[in-house]
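Read the structure below first, then the notes.
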Number of protein chains: 2
Amino acid sequence: MARTRETAITGQHTENPTSIDADEPWMRGLHADTGYLLYRLGLRSGQLFNTFLQESGLRLRHYAVLRFLAGSEGSLQRELSTRLGYDPSAIVGLVDDLEKLGFAERRPSPDDRRSRIVVLTETGRGFLRDTDEAGQRVTNELLGPLDPAERATLHALLLRAADRP
Amino acid sequence: MARTRETAITGQHTENPTSIDADEPWMRGLHADTGYLLYRLGLRSGQLFNTFLQESGLRLRHYAVLRFLAGSEGSLQRELSTRLGYDPSAIVGLVDDLEKLGFAERRPSPDDRRSRIVVLTETGRGFLRDTDEAGQRVTNELLGPLDPAERATLHALLLRAADRP
DNA sequence: AGCAATAATTGTTGTCGTCAATAGTTGTTG
DNA sequence: CAACAACTATTGACGACAACAATTATTGCT
């Protein structure tokens with residue numbers, strides 16, 4: 001087992017005279033703080049999502065766009081860029097691919113001839129519906145040891161943390 | 001070359017004419033299921049971590065290695081690879097960098113002359129201690145709207161989900 | 001002794017993010 | 001209203017990096 005206490009004392013790291021306790025924040029080991037935990041779990045989640053998306057020819061970013069489009073009916077590419085945090089140039093390629101697959105299409109904006117409105121097609125909706133089940137499989141895989149109630153609270157908490165500009 | 005695999009889904013996604021209900025699981029919008037939520041939040045967390053690590057010349061993966069080393073005293077590179085989910089070749093460069101900064105060092109294994117044991121130096125421990133405070137700042141930024149109690153439960157849940165081989 | 005398996009490393013390749021530049025369009029203002 | 005600044009989508013270029021394959025050195029098996 002990690003007897004880190006010993007090694008911490010080996011050298012003279014006496015700048016901090018406070019007792020070296022295993023409960024010290026910087027000693028809490030791998031899963032120290034929540035931010036880091038989120039990063040690790042998010043990574044795993046992304047990997048799982050990716051592997052199951054792979055057989056559809058899409059990647060995670062495509063899925064993110066689709067999900068966003070499902071939420072708001074039609075959106076400017078600029079909007080996609082800012083809300084999803086991807087570079088505008090990245091959006092171009094993503095929407096290209098989605099269009100090629102028939103999952104989304106660009107429409108001219110009535111107001112502004114520079115803008116294009118990206119809208120989810122019926123095919124795209126079908127894809128989302130079909131993959132939703134697989135997505136839940138991934139979630140199950142990810143949240144193995146948690147019972148339904150715990151999952152619900154986790155979901156709610158994550159939602160609160162995520163739902164803000 | 002876009003490795004657009006010929007979308008194995010083409011025939012699937014039955015366009016079932018069931019009413020499009022906003023409560024349908026696949027319609028719940030952007031933050032549909034927990035796995036996806038984790039992915040998005042993990043991304044944000046990673047970005048924040050990265051920006052504050054940037055001024056130290058390290059990246060997120062270095063930090064992950066350091067954190068792992070802090071937990072187990074000395075570990076084979078192979079172990080780092082499997083536990084952290086990074087490719088063995090990636091570990092090489094990461095440990096190189098950490099060694100160059102004096103945060104870790106390779107030691108020969110007494111048992112096996114192929115293996116090297118990577119061990120955290122005292123300097124590395126100091127770095128972790130110093131950056132821990134910044135890490136908590138990131139966490140605060142990330143979990144803004146949650147009160148301490150909620151953060152605690154979230155942390156516990158994430159820990160349960162993360163702590164398994 | 002021979003041969004598969006393993007640890008670390010190097011090399012290669014494709015992808016992603018970022019930055020600059022362009023074309024078309026709108027808004028502003030002198 | 002004419003000139004200029006700001007904005008949208010797009011393209012192109014470049015560096016960083018991650019995933020995969022190949023190499024070298026060592027160990028274990030039989």
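A quick note: this is a predicted structure, and the numbers were derived from the prediction, not measured. Here is how names work: the chains are called A, B, and so on, in the same order as the sequence lines, proteins then strands, and each is numbered from 1.
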Figure out the [atom1]/[atom2] separation between [X] and [N], and round it to whole Å.
| X | N | atom1 | atom2 | answer |
| --- | --- | --- | --- | --- |
| B/I91 | C/dT10 | CD1 | C1' | 16 Å |
| B/L43 | C/dC16 | CG | P | 13 Å |
| A/L84 | C/dC16 | CG | P | 15 Å |
| B/R116 | C/dT10 | CZ | C1' | 14 Å |
| B/R78 | C/dA5 | CZ | P | 14 Å |

field: Cluster link B/F127 to B/V119, ILVMFWY, side chain under 4.5 Å
entry: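 B/F127 does not cluster with B/V119.
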- prompt: For B/I117, which fellow cluster members are found when Ile, Leu, Val, Met, Phe, Trp and Tyr are connected by side-chain heavy-atom distances below 4.5 angstrom, either directly or through intermediates?
  reply: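 B/L76, which link up through side-chain heavy atoms under 4.5 Å apart, make up the rest of the cluster.
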- prompt: With a cutoff of under 4.5 Å between side-chain heavy atoms, which Ile, Leu, Val, Met, Phe, Trp and Tyr residues group with A/V92?
  reply: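 Cluster partners of A/V92: none, it stands alone.
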My understanding is that only residues two or more places apart in sequence, or in another chain, count here; which of them pass side-chain contact (heavy atoms from CB on, under 4.5 Å) with [X]?
| X | result |
| --- | --- |
| A/S81 | A/P88, A/I91 |
| B/L101 | B/L58, B/F103 |
| A/A152 | none |

- request: Using heavy atoms and a sub-4.0 Å distance, could you list which residues of residues 92-109 of chain B are near DNA chain C? By number, please.
  value: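 Those residues whose heavy atoms fall under 4.0 Å from DNA chain C, taken from residues 92-109 of chain B in numerical order, are B/V92, B/R106.
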- prompt: Can you name the salt bridge (charged side-chain N to carboxylate O under 4.0 Å, His left out) partners of B/R61, sequence neighbours left out?
  reply: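 Counting only residues at least two positions away or on another chain, B/R61 forms no salt bridge (charged side-chain N to carboxylate O under 4.0 Å, His left out).
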task: Spell out protein contact along nucleotides 17-30 of chain D as letters: B when the base is contacted, S when just the sugar-phosphate is, - when no protein heavy atom is under 4.0 Å; keep the 5' to 3' order.
output: SSSB-----BS---
What donor-acceptor contacts under 3.5 angstrom involve side-chain atoms of residues 105-114 of chain B, with partners at least two apart or in another chain?
unit_1: B/E105; atom_1: OE2; unit_2: B/R107; atom_2: NE; d: 3.4
unit_1: B/R106; atom_1: NE; unit_2: B/E99; atom_2: OE1; d: 3.2
unit_1: B/R106; atom_1: NH1; unit_2: B/Q77; atom_2: OE1; d: 2.7
unit_1: B/R106; atom_1: NH2; unit_2: B/D96; atom_2: OD1; d: 2.1
unit_1: B/S109; atom_1: OG; unit_2: B/D111; atom_2: N; d: 3.3
unit_1: B/S109; atom_1: OG; unit_2: B/D112; atom_2: N; d: 3.3
unit_1: B/D112; atom_1: OD1; unit_2: B/R114; atom_2: N; d: 2.9
unit_1: B/D112; atom_1: OD1; unit_2: B/R114; atom_2: NE; d: 3.1
unit_1: B/D112; atom_1: OD2; unit_2: B/R114; atom_2: NE; d: 3.1
unit_1: B/D112; atom_1: OD2; unit_2: B/R114; atom_2: NH2; d: 2.9

